[in-house]
Number of protein chains: 4
Amino acid sequence: MGNTARVRERRSGKPKAARAGDAKRLPKAVIKAPAKKRSRPHKVAPAERKQAILNAALTVFAERGFEAARLDDVAARAGVAKGTLYLYFKDKEALFEELLRGAVSPILARVTALAETPDMPFAQTLDLLYGFFQKEVLATDRKLLLRLVLTEGPRFPRIAEAHYRNVVSRMLPLIQKIAQRAADRGELASDAVVRFPQLVAEPIITTIIWDALFSKIKPLDVPGFLRAHRDMLIAKPRGQS
Amino acid sequence: MGNTARVRERRSGKPKAARAGDAKRLPKAVIKAPAKKRSRPHKVAPAERKQAILNAALTVFAERGFEAARLDDVAARAGVAKGTLYLYFKDKEALFEELLRGAVSPILARVTALAETPDMPFAQTLDLLYGFFQKEVLATDRKLLLRLVLTEGPRFPRIAEAHYRNVVSRMLPLIQKIAQRAADRGELASDAVVRFPQLVAEPIITTIIWDALFSKIKPLDVPGFLRAHRDMLIAKPRGQS
Amino acid sequence: MGNTARVRERRSGKPKAARAGDAKRLPKAVIKAPAKKRSRPHKVAPAERKQAILNAALTVFAERGFEAARLDDVAARAGVAKGTLYLYFKDKEALFEELLRGAVSPILARVTALAETPDMPFAQTLDLLYGFFQKEVLATDRKLLLRLVLTEGPRFPRIAEAHYRNVVSRMLPLIQKIAQRAADRGELASDAVVRFPQLVAEPIITTIIWDALFSKIKPLDVPGFLRAHRDMLIAKPRGQS
Amino acid sequence: MGNTARVRERRSGKPKAARAGDAKRLPKAVIKAPAKKRSRPHKVAPAERKQAILNAALTVFAERGFEAARLDDVAARAGVAKGTLYLYFKDKEALFEELLRGAVSPILARVTALAETPDMPFAQTLDLLYGFFQKEVLATDRKLLLRLVLTEGPRFPRIAEAHYRNVVSRMLPLIQKIAQRAADRGELASDAVVRFPQLVAEPIITTIIWDALFSKIKPLDVPGFLRAHRDMLIAKPRGQS
DNA sequence: GATGAATGAGGATTCATTCAT
DNA sequence: AATGAATGAATCCTCATTCAT
């Protein structure tokens with residue numbers, strides 16, 4: 001009866017060209033499978049492979065958002081089969097969460113370091129901080145991670161929570177400490193920043209959002225903006241000169 | 001009409017993960033049709049009906065984001081049949097865009113008014129502006145609109161563009177004008193705000209984002225925060241006391 | 001930008017010809033979509049439509065078992081779109097359970113009726129019962145339902161339970177009552193059937209199983225078999241003559 | 001070998017419904033790999049290994065049925081790698097068929113032996129037979145084998161056929177012979193059992209099915225039931241006392 | 001205009017099978 | 001021989017959209 005002869009019709013060739021031609025959303029770009037198809041690409045370190053998937057996922061999720069992202073595209077970009085994703089991640093959501101886990105932790109490390117340098121003038125601390133943000137976040141893929149946290153966070157309480165726990169709740173006290181020290185040294189006449197360390201983080205959020213929404217239309221002079229914000233932060237309040 | 005020839009533009013289904021009742025995301029909420037089904041929708045003005053749809057859409061889109069939002073839910077919430085949506089909007093995307101069109105225009109009007117009031121001290125202008133934001137945006141559904149602009153904007157260039165055109169590009173020059181006047185009056189020692197009127201808008205963005213992500217975890221003292229930011233804006237730069 | 005022009009590649013024509021050519025399992029037959037495709041078959045009473053789906057489901061489930069059955073095939077056989085199934089049934093399992101609900105209830109009605117006819121000789125009661133089984137179950141699609149209960153029951157505790165509750169637990173006492181009456185009239189010398197009314201149901205199970213497994217190889221003379229079983233049931237035990 | 005050209009025979013995935021942990025079906029159980037993973041499978045005789053696989057397969061197939069059974073689970077239970085299964089069995093189906101081959105042959109041997117013992121009273125022969133069934137089938141894993149034959153047989157004509165050839169077609173003539181001898185000795189007043197030796201096998205089928213479906217709900221007094229059936233078999237027909 | 005049943009393309013996920021090691 | 005990571009076809013289910021009433 002020929003077991004091997006049992007063959008069934010297939011269709012195989014799958015339209016992967018992610019809806020190019022759509023003019024309203026996501027104008028151009030959009031995922032392009034590198035088409036590198038080693039028929040059995042054994043001997044790739046699993047960690048590398050996982051990283052490849054995460055990299056691909058970052059691109060795809062950033063481009064389309066969680067819901068619209070297609071794991072097909074992630075797999076294609078990562079150069080693996082669809083099923084392979086599930087060897088490394090339980091499901092789409094787990095992939096997404098792992099992707100965002102530790103999104104901005106490097107910044108945290110830097111801020112911690114700054115908090116350990118008590119004698120630095122506040123202005124300089126801010127310059128270092130914002131400089132670091134520009135070089136290590138804005139200029140890299142981490143920008144996309146942070147953007148995803150901000151844009152998908154409302155729909156993923158767990159991710160928002162994790163971000164709060166891992167980043168925000170640790171960063172703010174550090175900033176507070178730095179600000180307090182500056183205030184103690186007389187560098188700040190008001191405790192506004194001490195009470196609201198978020199004032200230091202504001203331009204980071206603003207920059208990420210502006211970049212995501214308007215950079216194509218009207219790029220922001222980010223260094224200038226950050227400098228301007230810094231100047232505000234270190235200013236003396238009116239009437240206290 | 002030839003069934004096989006029917007081609008439709010879509011983008012996709014919905015991942016299993018987002019089902020209602022899922023405890024990890026979107027805790028409860030889940031849209032609940034008011035089920036008010038007068039068997040005769042007697043004399044409902046089309047404009048009213050359209051508004052009902054838009055209201056429903058705002059809730060649903062805000063709750064789930066564009067992709068995950070179900071028109072079924074919108075229709076149910078609006079108390080109309082699903083097909084009815086298509087009498088008022090070409091498709092899901094058109095509904096979404098119309099929803100966001102003019103998202104925050106009321107603020108614009110207010111800022112315009114402020115710009116016409118040349119003699120007001122800058123501090124007071126800011127208080128009025130931020131107060132208006134709190135009462136007319138943060139405390140209302142418009143908060144959701146603005147949130148949607150910020151979170152979905154990256155995936156909807158047209159919406160970002162419209163928002164830039166309708167709101168941002170009009171607001172910033174007004175602020176600039178106000179700031180310039182304040183500077184001219186010697187109220188500001190630096191032209192930072194004149195060069196970067198975004199500095200005035202920063203706390204609005206920050207507040208919207210914080211509200212969307214962390215309000216459940218750690219509510220922000222919004223009035224205090226806005227006052228602190230205001231104080232910064234009107235501060236004298238260091239060394240100029 | 002021409003919304004209507006947004007068209008994307010498709011593949012459409014789907015291989016529906018369910019694995020014909022498979023020689024080891026399910027030799028021949030196998031689902032054949034009637035291909036009647038009214039492009040919008042409105043105006044079919046919903047009850048009718050549901051019944052069409054249930055009928056199709058019966059065939060497909062009986063042919064392949066629950067797990068291997070494809071809802072694609074059910075839909076094709078029912079002449080509806082895949083999505084339509086979900087208008088009538090929550091999911092595959094719900095369809096399956098509803099299909100089996102009340103599988104053999106008509107028999108129950110008949111047995112009840114027989115139990116209300118006290119004066120009938122036991123032999124005649126059995127003839128009526130088995131005759132009814134032959135005509136109303138074995139010769140109809142209900143045979144497949146009963147077969148499904150027996151073959152899928154072990155994997156579907158809920159279905160087994162429902163069958164026990166709805167059919168078995170009601171039938172056995174009725175048989176018991178009938179048997180008791182027969183015993184009281186001296187028609188039976190032993191209380192074996194009274195204690196084990198299952199003895200009456202045995203040939204029904206045996207017949208269904210034989211039919212499912214061996215009818216192609218060696219058909220069973222069902223009427224003869226049932227008569228033989230009946231003779232056994234009404235016999236006098238040894239040594240009590 | 002050309003990835004795109006690779007065509008494989010399969011039949012399908014697995015519906016969401018049947019996931020482990022699902023409370024509605026297959027209450028708990030869910031296969032649990034003993035996780036004994038000697039890093040060196042030192043000297044395990046291939047025959048032993050094969051038997052381990054078959055044992056594991058029996059459990060898994062019995063628990064979920066052929067389609068829903070996962071080779072992953074079989075491998076885990078057998079303590080081998082998934083690929084190893086394919087060293088011993090061509091594919092899932094071959095494993096299943098080998099598993100069921102000779103399912104109940106031990107009984108056959110016993111019946112043969114009984115058929116060679118001409119002088120035993122029929123009642124005693126039945127007691128031995130049913131006793132053997134209880135001890136060697138019902139109380140052991142062979143129960144699961146027989147259950148699988150009955151429940152999967154309808155979908156596996158080859159298995160049904162093999163079972164008929166190997167077991168049924170050999171057993172029935174033996175029973176017939178025994179029954180004939182009993183009849184010749186005047187132990188039976190009718191030739192019903194001679195014409196339908198299935199009457200002897202009935203309670204075996206009934207018992208297996210009852211056990212599979214209802215044992216949790218309402219356990220059957222198997223010994224009593226078998227004795228009752230035996231009494232029926234050796235009874236004198238009415239009117240011949 | 002309104003309706004809502006019907007549609008069917010699309011995507012997440014599973015799992016038998018392969019094959020480089 | 002044994003392994004188990006990788007593959008990708010297959011299937012369930014969803015939901016935007018249509019259109020007969």
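Positionally, the nearest nucleotide of DNA chain F for A/Val80 lies more toward the 5' end than for the other of A/Val80 and B/Gly83. Taking the nucleotide of DNA chain E with the nearest heavy atom to each of A/Thr84 and C/Thr84, the more 5' of the two is matched to C/Thr84. Heavy-atom distances to DNA chain E give each of B/Leu87 and C/Leu85 a nearest nucleotide, and the one nearer the 5′ end belongs to B/Leu87.
Atom CG of C/Asp72 is separated from atom P of E/dG10 by 15 Å (rounded to the nearest Å). As rounded to whole Å, 15 Å separates atom C1' of F/dC12 from atom CD of D/Glu67. Atom P of nucleotide F/dG4 and atom OH of A/Tyr88 are separated by 14 Å, given to the nearest angstrom. Rounded to whole Å, atom C1' of F/dT18 lies 13 Å from atom CG of B/Asp91. Between the C1' atom of F/dA1 and the CZ atom of D/Arg49 lies a distance of 8 Å, rounded to the nearest Å. Here the P atom of nucleotide F/dC13 and the CD1 atom of C/Ile53 are 14 Å apart, to the nearest Å. One atom, CZ of A/Phe66, and another, P of E/dG11, lie 14 Å apart when rounded to the nearest Å. In this structure, the NZ atom of B/Lys50 is 12 Å from the P atom of E/dA2, given to the nearest Å.
Proximity note for D/Lys92 (side chain, C-beta onward) versus E/dA16, E/dA6, F/dA5: the nearest is E/dA16. For D/Lys82, the listed nucleotide lying nearest its side chain is E/dA16; candidates were E/dA16, F/dT7, E/dA9. Considering only side-chain atoms of C/Ala81, the nucleotide from E/dA2, F/dT7, E/dG8 that sits closest is E/dG8. Ranking E/dA16, F/dA16, F/dC12 by closeness to the C/Tyr86 side chain, first place goes to F/dC12.
The ring pair (Phe, Tyr, Trp, His ring centres under 6.0 Å) check on A/Phe89 picks up nothing, with sequence neighbours excluded. Taking C/Ala57 as the reference, C/Phe61, C/Val74, C/Leu95, C/Leu99 meet the side chain to side chain contact (heavy atoms under 4.5 Å, CB included) condition, with sequence neighbours excluded. Remark: B/Ala81 engages B/Thr84 in a side chain to side chain contact (heavy atoms under 4.5 Å, CB included) (not counting sequence neighbours).
For the pair A/Lys50 and A/Glu98, the salt-bridge criterion is met [side-chain N within less than 4.0 Å of a carboxylate O]. A salt bridge does not link C/Arg64 with C/Glu152: none of the charged nitrogens is closer than 4.0 Å to a carboxylate oxygen.
Within 4.0 Å (heavy atoms only), A/Ala69 reaches sugar-phosphate atoms of the nucleic acid but no base atom. Residue contacts for C/Phe89: at a heavy-atom cut-off of 4.0 Å it reaches no nucleic acid atom on any strand shown. Among the heavy atoms of the strands lying under 4.0 Å from C/Leu71 are primed sugar atoms or P, OP1, OP2 only; no base atom is included.
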| query | Which dot-bracket string fits DNA chain E when only Watson-Crick or G-U wobble pairs with both atom distances under 3.5 Å count, crossing pairs get [ ], and | stands for a partner on a different strand? | reply | .||||||||||||||||||||
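When all heavy atoms of C/Ala69 and C/Lys92 are compared, the closest pair comes out as O-NZ, 2.9 Å. Here the closest non-hydrogen pair linking C/Ala56 and C/Ala78 is CB-N, 3.6 Å.
The shortest distance between side-chain heavy atoms of D/Leu58 and D/Leu148 falls below 4.5 Å.
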